Amino acid sequence: TQLLEQSPQFLSIQEGENLTVYCNSSSVFSSLQWYRQEPGEGPVLLVTVVTGGEVKKLKRLTFQFGDARKDSSLHITAAQTGDTGLYLCAGEAVGDGNKLVFGAGTILRVKS
Amino acid sequence: DSGVTQTPKHLITATGQRVTLRCSPRSGDLSVYWYQQSLDQGLQFLIQYYNGEERAKGNILERFSAQQFPDLHSELNLSSLELGDSALYFCASSALGRRPEAFFGQGTRLTVV
């Protein structure tokens, strides 16, 4: 059982469309991170959210941390082919210190 | 450059053999994670070490083992290799605590023939 559940597992969309990826848990997290991985490369950190309700923007990407700090979302506006990759959320659960857990990831394919 | 170094980058070996993958974490990071990623799959967590001690174990086969040394570098040992062990193996390091973010190496691509 994954502590962090990501949905959808796979998403294939046309260039220009918007999309949202979700990361959910029944546990409370002290922080959550989002990573992006391109084929054959290691995941790269995109953002860390720390405060419940926090919203962070990175160009066309908007990250939100749930008020209860149990979930997060990543919204991409006007997707581009360069957004193709595996998106992973990860976090440290409160009370389970020193363990960084990852979701299984969402594979995003943006077609031209 | 994440600051995490993995060697070798590529490894081709025969079934039944044993290999060792090496990871040097970022300077100051105490925690090291190992992940396996098969083609078009997500990251499968194998094992975590924190300051030399095993911290968490995931879906790691008994044929696999790991350790973290006093200088904090880590090695992942894979033995009695099977074709299905062919995958990308990633190491990540993290300071945890106030800076929990993980930084990944470039991975070792293992091909078992």
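Since we're looking at a predicted model, the values are computed, not measured. Every chain is numbered from 1, with letters handed out A, B, ... down the list of sequences.
The environment of CD in A:Gln14 is crowded: more than 12 heavy-atom neighbours from other residues, nucleotides or ligands sit within 6.0 Å. Annotation for B:Arg109: atom CZ does not count as buried by contact number, only 12 or fewer foreign heavy atoms lying within 6.0 Å. Within 6.0 Å of atom CD in A:Glu15, more than 12 heavy atoms from other residues, nucleotides or ligands are found, so the atom counts as buried in its surroundings.
For A:Tyr35, the part sitting under 4.5 Å from any heavy atom of chain B is the side chain, from C-beta outward, and nothing else.
To the nearest 0.5 Å, the span separating OG1 on A:Thr48 from CD on B:Glu101 amounts to 3.5 Å.
The closest side-chain heavy-atom distance from A:Glu41 to B:Phe90 is not below 4.5 Å.
Placement of A:Val110 and A:Trp34 within a single hydrophobic cluster is found when ILVMFWY residues are connected by side-chain heavy-atom separations under 4.5 Å, directly or transitively.
Ring centroid separation for the pair A:Phe102 and B:Tyr35 comes in under the 6.0 Å cut-off.
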